[in-house]
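Heads up, the thing below is written out as structure tokens.
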Amino acid sequence: LELAQRHAAAAEPLLVASRDLARRIGDRATLAASSSDLGNLYAASDRAALAETAYGEAIAAALAAGDDALAATGEVNSARLAAQRNDATTETAMVTHALDRLAHAPPSYDRGLVLLSAGWAVLDQKGALSPEQARLAQRAFAAAGTMAAALRNPQLASMAEGALGRLYER
């Protein structure tokens with residue numbers, strides 16, 4: 001995505017082509033991933049309305065594909081977009097949806113990363129966190145830590161513990 005942000009003019013037609021091809025062939029998982037990437041490009045280039053539409057499509061396609069981690073990723077991306085718009089209500093709702101979606105999912109490294117991303121979406125805000133936001137970030141990081149323990153994954157555990165530390169120092 002960093003490359004996409006630096007070369008948006010070249011990236012956009014490729015991401016649109018990927019999304020459109022995935023749509024034509026009915027590949028819901030690729031459609032979700034392409035739409036999410038396209039949404040990230042739009043968000044990075046200050047095209048919030050297009051980003052919101054792309055994230056909505058990513059979530060719907062991921063749900064149709066039965067991919068909870070990809071759906072939660074779309075929700076976290078939507079939360080970040082809401083934060084850019086200073087819309088704490090939508091941001092909180094989208095992070096909560098993502099956490100609820102992953103709460104009973106089988107442990108996996110990618111789900112653990114999405115949990116961390118959900119917590120960082122809240123923690124990365126400027127200014128003080130509300131008590132609700134702090135609880136939400138803590139829930140996300142703690143869930144990532146629980147998933148790391150279930151997976152016996154020290155890298156994921158380290159990231160979760162570090163994130164909790166950052167939350168507590170804030």
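FYI, the numbering just counts along the sequence from 1. In what follows, every heavy atom counts, from backbone to side chain, and hydrogens, waters and symmetry copies are set aside.
No side-chain heavy atom of Val114 sits under 4.5 Å from any side-chain heavy atom of Arg111. For the pair Ser34/Leu38, no side-chain contact is recorded, criterion being any heavy-atom separation below 4.5 Å from C-beta on. Taking the side chain as every heavy atom from C-beta outward, Arg19 and Val16 approach each other to under 4.5 Å.
The ring-ring contact (aromatic ring centres under 6.0 Å, His included) analysis of residues 40-70, with sequence neighbours excluded, yields no pairs. Legend: side-chain hydrogen bond (donor to acceptor under 3.5 Å, both in side chains) pairs involving residues 113-123, not counting sequence neighbours, sorted by first then second residue: Arg80-Ser117.
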In a table with atom names and distances, give each donor-acceptor pair under 3.5 Å that connects a side chain of residues 99-107 to protein atoms at least two apart or in another chain.
residue : atom : partner : partner atom : Å
Asp100  : OD1  : Arg139  : NH1          : 3.2
Asp100  : OD1  : Arg139  : NH2          : 2.6
Arg101  : NE   : Glu75   : OE1          : 3.2
Arg101  : NE   : Glu75   : OE2          : 3.3
Arg101  : NH2  : Glu75   : OE2          : 2.6

Report all side-chain donor-acceptor pairs from residues 147-166 shorter than 3.5 Å, counting only partners two or more places apart or in another chain.
residue : atom : partner : partner atom : Å
Asn153  : OD1  : Gln155  : N            : 3.0
Asn153  : OD1  : Leu156  : N            : 2.8
Arg166  : NE   : Glu169  : OE2          : 3.0

What donor-acceptor contacts under 3.5 angstrom involve side-chain atoms of residues 128-137, with partners at least two apart or in another chain?
residue : atom : partner : partner atom : Å
Ser130  : OG   : Glu132  : N            : 3.4
Ser130  : OG   : Gln133  : N            : 3.0
Ser130  : OG   : Gln133  : OE1          : 3.3
Gln133  : OE1  : Ser130  : N            : 2.8
Gln133  : NE2  : Gln125  : OE1          : 3.3

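Taken to the nearest 0.5 Å, the CZ atom of Arg24 stands 5.0 Å off from the CG atom of Leu21. Taken to the nearest 0.5 Å, the CG atom of Leu50 stands 8.0 Å off from the OG atom of Ser45. Separating the CG atom in Leu81 from the OG1 atom in Thr90 is a distance of 9.5 Å, to the nearest 0.5 Å.
Arg47 has no carboxylate O lying under 4.0 Å from a charged side-chain N of Glu52, or vice versa, which leaves the two without a salt bridge.
Here the closest non-hydrogen pair linking Gly39 and Ala51 is O-CB, 3.4 Å. Considering all non-hydrogen atoms of both residues, Ala144 and Gly112 come closest at CB-O, 3.9 Å. Across Ala79 and Glu91, no two heavy atoms sit closer than the pair O-CG, 3.5 Å. When all heavy atoms are compared, the tightest approach of Asn77 to Ser36 is ND2-OG, 2.8 Å. Shown here for Ala10 and Pro13, the closest heavy-atom pair between the two residues is O-CD, 3.4 Å. Nearest heavy-atom pair, Leu70 versus Ala33, reported as atom, atom and distance to 0.1 Å: CD2-N, 4.0 Å.
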Yes or no on side chain to side chain contact (heavy atoms under 4.5 Å, CB included) for Leu113 and Leu116, after CA distance, side-chain angles and deciding distance? CA-CA 5 Å; Leu113 291 177; Leu116 288 170; 4.2 Å; yes
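Follow the hydrophobic side-chain contacts under 4.5 Å out from Leu115 and you reach Leu123 in the same cluster.
As a member of the Ile/Leu/Val/Met/Phe/Trp/Tyr network built from side-chain separations under 4.5 Å, Met94 groups with Ile59, Leu63.
A distance-only check finds a donor-acceptor pair linking the side chain of Ser35 to the backbone of Leu31 [under 3.5 Å].
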